[in-house]
Every structure is written in structure tokens, then in C-alpha cells.
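A, B, ... follow the sequence lines: proteins, then strands. Residue 1 opens every chain.
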Number of protein chains: 2
Amino acid sequence: MGRQPSAKPTSFDIAYLAGVSQPTVSRALRGSKSVSAATRANIQRIAQELNYTVDKNASSLRSQRTHTLALLFFEDPNPDESMINPFFLSMLGSITRECARRGYDLLISFQQMHNDWHVTYQDSHRSDGIILLGYGDYQLYLTKLEHLVEMGTKFVRWGSVSEDGIGLTVGSDNVGAGEQAGAHLVEVGRRRIAFLGDASDHAPEFQDRYDGLCRAMRAAGVEPDPALQRDAVSSEDSGYAAARSLIEGGQSFDAVFAASDLIAIGAMRALTEAGLRLPQDVAIIGFDDIPAASQTTPTLTTVMQDMKGAGTLLVDALLARIDDRPVEERILPARLIRRQSTAV
Amino acid sequence: MGRQPSAKPTSFDIAYLAGVSQPTVSRALRGSKSVSAATRANIQRIAQELNYTVDKNASSLRSQRTHTLALLFFEDPNPDESMINPFFLSMLGSITRECARRGYDLLISFQQMHNDWHVTYQDSHRSDGIILLGYGDYQLYLTKLEHLVEMGTKFVRWGSVSEDGIGLTVGSDNVGAGEQAGAHLVEVGRRRIAFLGDASDHAPEFQDRYDGLCRAMRAAGVEPDPALQRDAVSSEDSGYAAARSLIEGGQSFDAVFAASDLIAIGAMRALTEAGLRLPQDVAIIGFDDIPAASQTTPTLTTVMQDMKGAGTLLVDALLARIDDRPVEERILPARLIRRQSTAV
DNA sequence: CGCCATAGGGTATACGTATACGCATAATAT
DNA sequence: ATATTATGCGTATACGTATACCCTATGGCG
């Protein structure tokens, strides 16, 4: 242990010991084929022995490639700032793993979207590309995204996938998921299905889920009632408020499709408080399958997104974009998880 | 928008426009006092206009400071590899925020602790220091930590704080928290209190919590029964198994203190399946206050750690260590959250 | 009125790597 | 046997910044 004279070895040290020039060391270690197998093996052995590591900064400076991706969470400024949407957190695991697998580092930030966050990561050569995650008011960020595109910044976004979107988007099949949820509710005999979640341009994902619901209802010969839709952002409080509004609206309903589990959990509280029995009086479906969803009473039927696939696909897509390769797949299937809240 | 000839401006460009030399630009922007106020203001204005950003790689290469911290999660290899302990995830928010506040970037990794993870981050100049987070088998990592110390790597660890520990540790007051839990259980009339969690050198934090529990019991004149302790790692399955073992052990018990919420949730399942009523027959307390804890039936009494403070303190301590300043505070208070699972 | 300290900033260079070229030697073609 | 190409590597240099050192003008001081 600690044999080295404490100074970290450079490629020159390796070169000297191997009896070659410094560039040859560089070539050997990064797999250039213009170096003989014997020379390469020798260099690798020596590097190993000296615990040599390529200096990341020097390498990045010279090659203009950082082999680092930046992950940016953006959410509406939250009163409880320490709360992060659990859904995105669960994506973090697969993203870090995929980055590691591809030999990329991951830089992470929850900074509010201040004026120059894109400059921070791109122009200062901190990362080769950016992964954007976030619910929140979509419209607010559109101009920023356009700016990113203009600057030639490479990025991917998690969200509602559409061909005409800005930049590159990867996401779940929200419409299909909404259809599954709607079909399931119809199947268990519900006809008056409410939707809790913004159904506007501000939240395309939620809108897609609503569209899917409507499609499934119509396919079953049921006409959705617009009066049963209430706006809500993804939080318990918002779900609670939306459900209260629904109850006070006086319209009858026998099912609720919440655009997220947090909304659903808030709604369940409001419904229970109003004396409604779940699922007998009102069946309820959430979205995301957060851990808490299997702990609620009744346990919550929800839609599980493919988080592992999501991380992989996001990283894949971004790396493809960075290398100017075409991106192949962008939509991930989602799966309905049946639990007690819709049990007949 | 997009006014510049697309090439990113360098400090030479700024220097030329400001009529000064490149080093002066560097000095001005990093606040050296050997630059006049007027010159500095002018340089800053021009830099702003050109959207100039200091190149991170060049800067780090020259100064040998990256202004980046690395966050390393280590956990026992998990069958469900996409699952990350929710407790640590909630710390992530405060760590990223504190890093941002201090002008540091955060590099993140969930890589298994392979042979050379320390080399990866330290010797390749990716980060100035490392934050280590993880439950898992403590002993397994000791030699690695010793190695880190030998190499002069700067790091902090979240865990059980003790003066003789290896490296620098920041953590909650686990003993105090255990005492609070124990005192509460005694207060609601329980005497036969079981503990679920490793009580060995392998998990010092869990042991501290157990010690606190025992201390509180003895303070109330109750002698803890070693037969009521069961090993468990932080997962639902492990908690379930531990509770099963406890039930099958045949010893009577009227309360369970679980070393983590995940253990508690698994245990609740086992207890309920065994026909025991919560909290009438068995009161139960968890640890961590994960979101799911407020959704269980009954809702789970637990210990909330100061996650926001934790992130701040970890980053503070690490930066102090990096700058060779003394570290001031290292222990954070924890707070008991009373819910239905211990309601009299 | 000369001396020295100080402010303000220029000159030269180092940080450690990757790449454009050039130049041998050996292998193949003609 | 000469021209041609590929192989394997060395030489020179660029990436963009930060810092050690040097120089010039001032102003205070005796």
C-alpha cells in the first residue's frame, strides 16, 4: 500500500517505463488499433501496477468530450422543498446504472430552472448532454427548450412523446395506459368516471392519459362527461382539493382515474372523509405505482411504468443524439396493476 | 439569439474585447483583488454579453480543483436492483441543494463497490471529495475505507458517529432516537419490547438504536430480553422473516421496535397474518419516516431524521475536510412521529 | 528629490492528454 | 527489383485556464 512517491503517475511515467512515447500510451489505453497487441498489453500491465488513471480533466479538455451526462430535475417551486417526486427518484437508479454501463458519469442537479442552467452545463463543458426530468408547468419551459435547440445542446426529455415536439422526448405510452385504466373501470361496471389531473397543454402527459380514458369509454359505448374532470398537479394536497371540488360539484360518479398516485392518495382521503366507501361507492386508479400505493387502504390500483426501461432508453437516446445517430425507440409500454381499490 | 459565430468564446476573446490580457480576465472573474474595480466590471459585462463561461475542464486541469463532489451509494447487492432505499433518496435533495449553494457540482453513482471505485473518483480528478451513503454490511467496507484514508482521499460517511471511527462520519443521534422510541413504548404500557434489526458490528447504526431502546427500558425499570431481538437488514422481506421468526419463537411480546420502516412494514404484514391486532396486541415503531409510513394500516409511528440538515452537514463537513478546516458538528437530532401503530 | 512600497496588470508557462502528421520498416503488388 | 500500401510509432502541438514572476507607474516618505 502507498508504495508510490505520492505523486500521481501521468502518461509520461507510463511511457518512460514502457519505453515508448506518451502518445502511444494514450493510444494503447483507449484502444486505438494502430498500436501492436504486445505493446498495448505491456502498457496496460504497467498502468495497472502504478494505479494509473487517465486524468479526466486533461482528457476532456483535449478531446472536447466529457463522457458525462447531466440530469436536471425541474419542478414547480415547491413549498416543501425537500420533497421530490418519488416517481422520478425511482428512475434515478436505472439512469445511473445505464450511465455506468456505458462508461459515463452522471452529474445531477435539482436547481430551479434559473436563467442560465443550460449554459452552466453545456457551454462550460461539464457534460456532453442533458437529461431533463420533471412534471410542472410545461408551457413555462418551452421557450427555454427552444433556446436549447438553438444552441445545439444535446438533450432528452421525459414526457409526452409526439413527433412535432421540441427536442427529443422519451416517455410511456400514456394514451395506451389511460385506455387500460378506462377499460378496467368499465369492466368492473363503472360508467361515471371522473378524471383528476390537468387536461390542458400545460401537462401533455396528463392530457394523454385523459384522452386514453375517453377513448376506452367511448369504445365501450359510454360518453365521458367533461363535468367530471378536475385539474390537479401531482401532489396529495392538490388531489385532495380536486376530489373535494368533485364531491361538492354534485355530479354523481362511481370511479376516479387520478393522473398520479399522489393525486389518488389525496383524493382517497377526501372521498373517505366524505363517507364514500372505496371501492364499493367509488373505484379509484392512480398512476406511477409509487411504494406508498401498496400501503394505502384499500391498496391502490395503478399503472406501473417501466422505470428500468425508461432510464435505459433515456440514456440510449441521449447518447445516440450526441453521436448524431438516429434514435430508434422512444415509447415504453405501461402496465395496469390491479389492487383492492378497483376490486369488484 | 444565436448571435455568436457559434464558436464558444474563450477568455482570450473576452480579453481582446476588454483590451486586457487573458490572465487579467481570469483574475477578474475569480475575484482576485489585484484587478481594479473598473476593469473587473468591464470584463464582467463583456463576459455576460458573450455568454462566456469558464471552461470547467481547463480550469480544473490547471488549478487541480474540480469543484465537484462525488456521491457514492453502496448497498448489498440487491435482488431487486432497481430498488433504492427511499431513505437515502430523500437525502439527495438536500445534498444537491447544498452543493449548488456552495457552487459545487455533484457526481452520482450507484455502482457496486468494485475494487477501484475510490481510484475512479479521486485519482482521475473527477471530484475533490466523496460522500458515502449506505446501509449494508459495514465490516465489508472497512478495509476499503482504511485504504481511502491511506490514499489521502477526502470523504465523509453517513452512519454511526463515534470518535474512533475511520474517516469522518456524520449521522443522526441513533442512541437518543432509540431512547425516545423506547420511552414512548414504555409510556403506552409496553414491557415486552422486541427489536428487529442487526445488533452487531455489522450495522453500528442499528446497534445504536438497540442500545438506546435498552437504555430507555432500563431507565423505566424494565430489563430487555435478548430473546426478543432478531437480526434483519433494511427490507420488507427481511422484516417479514424476522417477525415470523419472532412469532414462532414463542416468546410473548407486546411491542416491536423495527430498525427501519421497511423492516416495520414487512413485520406488520407478518404480525397481521398471524392474527395479531395492531396496536392493541402489538405496538410497533419504525425508523426513517418514509412516505409509505403514513399510508400503512395502522399508520406507522416512526422516527424522523433531519434529512435537510443531514445533506447540509455532510456537504459542510466534506468541504471543511477538503480545505483542512476543523469540522464542527456531526450529530443530528431525530424526532419521534406518533401515529396509530402505538396509539393507546 | 531620490527611495521604496504598492497597485495593476503583462509575459511566460504548466496542467495532462489526444490528435494531425511524418517517417521508418515490413508486407504486398507489379 | 521497384513502386505501393499498411503497420506501428515518434514529433510537435493544441485544448483553455491559472499562477509564478516580472515590470511599470504612481504616491508616500524622509
Nearest whole angstrom, please: distance from the [atom2] of [N] to the [atom1] of [X].
| X | N | atom1 | atom2 | answer |
| --- | --- | --- | --- | --- |
| B:R27 | C:dA7 | CZ | P | 14 Å |
| A:K56 | C:dC15 | NZ | C1' | 17 Å |
| A:N42 | D:dC9 | CG | P | 11 Å |
| A:K33 | C:dT19 | NZ | C1' | 16 Å |
| B:L29 | D:dT19 | CG | C1' | 15 Å |
| B:K8 | D:dT17 | NZ | P | 12 Å |
| A:L61 | C:dT19 | CG | P | 12 Å |
| A:D13 | C:dT17 | CG | P | 9 Å |

Is the phosphate of [N] approached by [X] (side-chain N or O, under 4.0 Å from OP1 or OP2)?
| X | N | answer |
| --- | --- | --- |
| A:S26 | C:dT17 | no |
| A:S11 | C:dG16 | no |
| A:S60 | D:dC15 | no |
| B:Q64 | C:dG16 | yes |
| A:R30 | C:dA18 | yes |
| B:T10 | D:dG16 | no |
| A:T24 | D:dG8 | no |

task = Answer with base, sugar-phosphate or nothing: what part of the nucleic acid does A:S21 contact at a heavy-atom distance below 4.0 Å?
result = base
key: Sugar-phosphate, base or nothing in reach of B:V25, heavy atoms under 4.0 Å   = nothing
request  = Check A:L71, A:L318, A:T153 against A:I130 for a side-chain contact (heavy atoms from CB on, under 4.5 Å) and give me the one that passes.
outcome  = A:T153
key: Closest nucleotide among D:dA18, D:dC15, D:dT17 to the B:A58 side chain   = D:dT17
message = Closest approach to the side chain of A:V35, judged atom by atom: which nucleotide of D:dT17, D:dC9, C:dG9 is it?
response = D:dC9
query = Is any side-chain heavy atom of B:I95 closer than 4.5 Å to a side-chain heavy atom of B:L106?
reply = yes
request  = Report yes if the side chains of A:T24 and A:T39 come closer than 4.5 Å at any heavy-atom pair, otherwise no.
outcome  = yes
inquiry  = Apply side-chain contact (heavy atoms from CB on, under 4.5 Å) to residues B:T68 and A:R126 and explain how you reach the verdict.
reply    = CA-CA 10 Å; B:T68 298; A:R126 280 165 156 85; over 6 Å; no
ask   = Which comes earlier along DNA chain D counting from the 5' end, the contact point of A:Q22 or that of A:T39, where each point is its nearest nucleotide?
value = A:T39
Side-chain donor/acceptor of B:R62 to base of C:dG16, under 3.5 Å = no
key: Verdict with reasoning, A:K154 to A:D128, per salt bridge (charged side-chain N to carboxylate O under 4.0 Å, His left out)   = CA-CA 7 Å; A:K154 318 282 184 157; A:D128 295 335; over 6 Å; no
key: Donor-acceptor contact below 3.5 Å, side chain A:R40 vs main chain A:S32   = yes
